[in-house]
Amino acid sequence: MYSARYEYDGRGGNHERIDFLTSKEKVPSKRKLGVVIGVLVAVLVLAAVAAFLIWLFVFKDADSSTLSSQLRPAVHVFSGHMKLADVPYDEKLEDTRSRQFSSLADKLQGVLDQNYKLDSLLEKYYTKSVVTAFSEGVIAYFWSQFDIPISDLELAPEISEERVLENLEMIAQQQRSTTNTGNVKIVEITAADTDPRMARNPRAKECVYRLEADATPAHFSSPGYPKGYPSESRCQWQIRTSEDKAISLTFPFFHIEDDCSDDFVSIYDSLSPDDSQAITVKCGQRPPTNPLQVVSSGNIMLVNMISDGEEHLPGFTAEYKSLPKSLVQKCGGVLSDPKGVFTSPLYPVFYPPAIDCKWTIKVPAGKKVQVKFNMFRMKEPDVDTRVCHKDYLEAMGTKYCGELMSLAFTSDTNILNVLFHSDESYTDKGFSAEYSTYDPQNPCPNKFACASGICIDKALQCDGWNDCGDMSDEMKCKCAKDQFSCSNGLCKPKLWECDRVNDCGDNSDEKQCSCDENEWRCGNGECLPQEVKCDSKTDCEDGSDEASCETSPGICSDFSFKCRNGDCVNKVNAECDRVDDCSDRSDEDTCTCGTRPYKLNRIVGGQNAELGEWPWQVSLHFRTSGHVCGASILSPKWLLSAAHCFVNPDQAYHLPSNWQTYSGMQDQYKQDNVQRRAVKKIISHPDYNTMTYDYDIALLELSEPLEFTNTIQPICLPAASHVFPAGMSCWVTGWGVLREGGRKAQVLQKASVKIINDSVCNVVTEGQVTSRMLCSGFLAGGVDACQGDSGGPLACFEESGKWFQAGIVSWGEGCARRNKPGIYTRVTKLTKWIKEQTGI
């Protein structure tokens, strides 16, 4: 026999214990009943005590915190400045500990206190005002706080910036008729709604610092650097320099949480955290090749750091120094050389606030001026780029702002005026432009002249691409054999048919690929009745009719994601999409991949990769021959490459000892922060065919694991069900030759390509493409993978924020030949083999 006893486990839980009893150990029924009742009473008492203790030590703080947050009043802060008249400036006003600072600050705070009493609503919720700093002028910087209880929250909108400012302006109005204001005459006053976390009191023991800048660089850093800044950080740095100087601020190291609503650094062209004086607000991580660099318009600057997130990241180091104002404000002028370059002030440093420039470009009479921008970035919050009412560049009556990836224009005469304007808030990297002389009689020697005046290579005419920007290079074209004639008369590469992209503009390149309205198109192009969609039966050969069907959870097809527990999820690209689709969460548990820690610039026209832009790219060196092939990082010990890189029996390419791998490399001649590893094992696919390049895939096991850093990260390995649709834009990278027959690149190159429809690609390659291959390319020519890129990744970015490897550079006809796509090993067809070999 056995009896069941319930025992308290010391953590508020009860567990059943089973004791086996012999016949001699039987308990009389009455006694047994009494024992059971006693035990149950004791258990209930202990459970009650445990529950109370758990609430007291675990939930009480959370409950009280929630309750207090619900009862906490809404805090409104307004910051601004007051300009004083008839007050001599004393440098001691800069020292918040001085008697002079305290005397004038207290007097001004008293004026604010009295003035808010003139408005019954403001008086009711007004808490305090704090004067934080003084600068030449004399200008006093302040903030005022209003606390509104939860019960009065409906009145919160009435405590507005407009109402506060209207009240404060009464001070200046009153002083025009009287001088009896405590011997302080305020002639100008501003106020703006401000994040309450910015409200610092320099006279209290808070994280507030006062710095003096001169020509010698000095430094400061975030609290806790480099171990990590604490949560709830509220720090402020006031930086000053002499009146004839400006301030330059650079962040050699910057690593703040990515979400700017939690953690951020804000910089102001003022000593007040007034949004109308903000230079920029930044978060995230920046590479050393793209540091944050800003300058002030005057001799003051304010830096704030706020942290509310749970991540304790390293923070930042900052370098500050003074610059002559003449240097900061230097811009514009007359440019009369036949060609040249002009940039925004201090480019590539953020241009200063409140500056205007004018360039007058003059070329000989009868000629015109042609301008092309290599970089244009003048982004600002809440700006309509069609109007450009804040920062802008203006030429021939048109204003330009925002971030433009392509900008060029030609003047009407031989003189072109270019204007640049930045207002008092928010600056950016600005622009870099080239100008040249344009001859209307012979506008483009040996080139094609666009209607806009831009010159392009003749090979780009009638190639299907809008290279001119106004389509003039694609008009009146006679289509070649390898082109498709659109219904609207345009010519497009045949390879652009059926890629789910309206390349023609009238969709004629896609119409012939579509099934009838009452039909469903399978992934392989077959048309079936519409009823086959989501009928819980696999009708299409590839199972695409049951993909993404909630009504068919049990059906497994080529498009189904296979969970570790054997379940199938009928959802396209279920893995690493931040949604737990599998009951065992296996679709999301291997997703520490495919991220780029650094925030990067987009450079117009440049194909040099930035440091950390492709952190999974690896350079493979054979003996002393230098770079031979590329590879990608899958895990600390495994790389993915192409099998054909290791097939050359004469030179023993198959021997691991002959290879060295370089991860984190950007420049072949620079080894900083590059991790070199020997190869322990090379595993080429057993079915690799040296004639057809089928199964062109190889795995490299490293002799020792990589250490992941900002410039070394793994790319995501796609599930077998992952779909990379035709028309999708992806990137191919490598150090291959820059042109057919040319030399290998020194700096890592990148090219944006798009995936091509399988059936169309198979026609163009005359049936050489197998199911283990995919086609991709920018088929106008000039952009493609080339010799030396072999084994490198074709990386595609998904909406989930992850980069997945769609292909491995395998083969192609020549380099970047027109309408000759690059052929890549299709990774999804070999995912199972990769996992079997590596255990990833």
Side-chain angles (χ1 to χ4, degrees), residues 75-84 108 112 129-146 157 159-172 186-200 236-240 246-247 249 260-261 264-282 292 294-306 328-329 345 350-356 378-385 387-392 399 401-402 420-428 430:
V75 178
H76 283 242
V77 170
F78 301 89
S79 65
H81 70 262
M82 297 177 277
K83 188 169 184 179
L84 312 180
L108 291 171
L112 293 170
S129 291
V130 174
V131 172
T132 58
F134 293 97
S135 67
E136 292 88 344
V138 170
I139 297 175
Y141 303 88
F142 74 96
W143 52 264
S144 298
Q145 179 175 326
F146 299 83
I159 310 295
S160 64
E161 180 178 308
E162 291 75 15
R163 185 162 189 155
V164 171
L165 186 56
E166 182 180 344
N167 173 271
L168 293 176
E169 285 176 344
M170 291 172 58
I171 301 175
I186 302 171
V187 294
E188 178 184 295
I189 193 163
T190 68
D193 201 352
T194 300
D195 187 332
R197 295 174 295 179
M198 303 282 193
R200 301 286 86 199
Q236 190 175 90
W237 293 265
Q238 297 179 2
I239 310 176
R240 304 168 187 267
I247 298 166
L249 180 65
C260 283
S261 63
F264 60 88
V265 171
S266 55
I267 307 170
Y268 300 88
D269 195 42
S270 170
L271 292 178
S272 173
D274 180 346
D275 197 52
S276 67
Q277 303 290 315
I279 296 176
T280 191
V281 177
K282 294 295 180 185
L292 176 60
V294 300
V295 291
S296 64
S297 64
N299 68 325
I300 54 175
M301 183 183 282
L302 184 72
V303 181
N304 273 324
M305 178 182 176
I306 302 296
V328 172
Q329 297 170 351
F350 279 40
Y351 54 81
I355 194 168
D356 287 279
M378 296 171 65
K379 294 178 70 174
E380 191 164 352
D382 304 320
V383 169
D384 186 343
T385 55
V387 179
C388 297
H389 64 285
K390 293 176 75 63
D391 296 1
Y392 59 83
K399 292 181 178 179
C401 63
F420 171 80
H421 169 77
S422 72
D423 66 359
E424 295 179 342
S425 67
Y426 289 99
T427 72
D428 211 328

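Because only heavy atoms are used, hydrogens play no part in the values below, and waters and symmetry mates are left out as well, while side chains stay in. Throughout, numbering of the chain's residues begins at 1 and tracks the sequence.
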Looking only at heavy atoms, which two atoms of [X] and [Y] are closest? And how far apart?
X: Val295; Y: Phe350; value: CG2-O, 3.7 Å
X: Ala246; Y: Val328; value: CB-CG2, 3.7 Å
X: Leu165; Y: Ala191; value: CD1-N, 3.6 Å
X: Phe134; Y: Ala140; value: CE2-CB, 3.4 Å
X: His389; Y: Asp384; value: CE1-N, 4.3 Å
X: Thr132; Y: Arg200; value: CG2-O, 3.4 Å

State whether the number of non-hydrogen atoms from other residues, nucleotides or ligands found under 6.0 Å of [X] atom [atom1] is greater than 12.
X: Glu136; atom1: CD; result: yes
X: Lys83; atom1: NZ; result: no
X: Glu161; atom1: CD; result: yes

For this session: Check Met301, Arg240, Gln236 against Leu271 for a side-chain contact (heavy atoms from CB on, under 4.5 Å) and give me the one that passes.
Result: Arg240
State whether the side chain of [X] and the backbone N or O of [Y] hold a donor-acceptor pair below 3.5 Å, judged by distance alone.
X: Thr427; Y: Pro353; value: no
X: Ser422; Y: Pro352; value: yes
X: Ser79; Y: Phe142; value: no
X: Thr190; Y: His81; value: yes

Could you tell me if the side chain of [Y] sits less than 4.5 Å from the side chain of [X], heavy atoms only?
X: Glu380; Y: Asp428; result: no
X: Tyr141; Y: Gln238; result: no
X: Asp195; Y: Asn304; result: no

Exercise. Quick one: ring-ring contact (aromatic ring centres under 6.0 Å, His included) partners of Tyr351, sequence neighbours excluded?
Worked result: Phe420
Exercise. What do the steps show when you test Ser144 against Val164 for side chain to side chain contact (heavy atoms under 4.5 Å, CB included), and what is the final call?
Worked result: CA-CA 9 Å; Ser144 298; Val164 171; 5.8 Å; no
For this session: On the 0 to 90° scale, with breaks at 30° and 60°, tag the His421-Tyr392 ring pair as parallel, tilted or perpendicular.
Result: tilted
Exercise. Run the side chain to side chain contact (heavy atoms under 4.5 Å, CB included) check on Phe78 and Arg163 step by step: do they pass?
Worked result: CA-CA 11 Å; Phe78 301 89; Arg163 185 162 189 155; over 6 Å; no
Exercise. Hey, which of Asp391, Asp275, Asp269 is the one that makes side-chain hydrogen bond (donor to acceptor under 3.5 Å, both in side chains) with Tyr426?
Worked result: Asp275
Problem set entry | Pair Cys388-Met378, side chain to side chain contact (heavy atoms under 4.5 Å, CB included): steps then yes or no | CA-CA 10 Å; Cys388 297; Met378 296 171 65; over 6 Å; no
Problem set entry | Lys390/Asp423 ion pair, N-O < 4.0 Å | yes
Distance in Å, [X] [atom1] paired with [Y] [atom2], rounded so as to fall on 0.5 Å steps:
X: Leu112; Y: Asn167; atom1: CG; atom2: CG; result: 9.0 Å
X: Leu168; Y: Ile189; atom1: CG; atom2: CD1; result: 4.0 Å
X: Ser270; Y: Glu424; atom1: OG; atom2: CD; result: 9.5 Å
X: Ser266; Y: Lys282; atom1: OG; atom2: NZ; result: 12.5 Å
X: Glu166; Y: Ser160; atom1: CD; atom2: OG; result: 8.5 Å

Exercise. Can Leu108 and Leu84 be said to form a side chain to side chain contact (heavy atoms under 4.5 Å, CB included), step by step?
Worked result: CA-CA 10 Å; Leu108 291 171; Leu84 312 180; 3.9 Å; yes
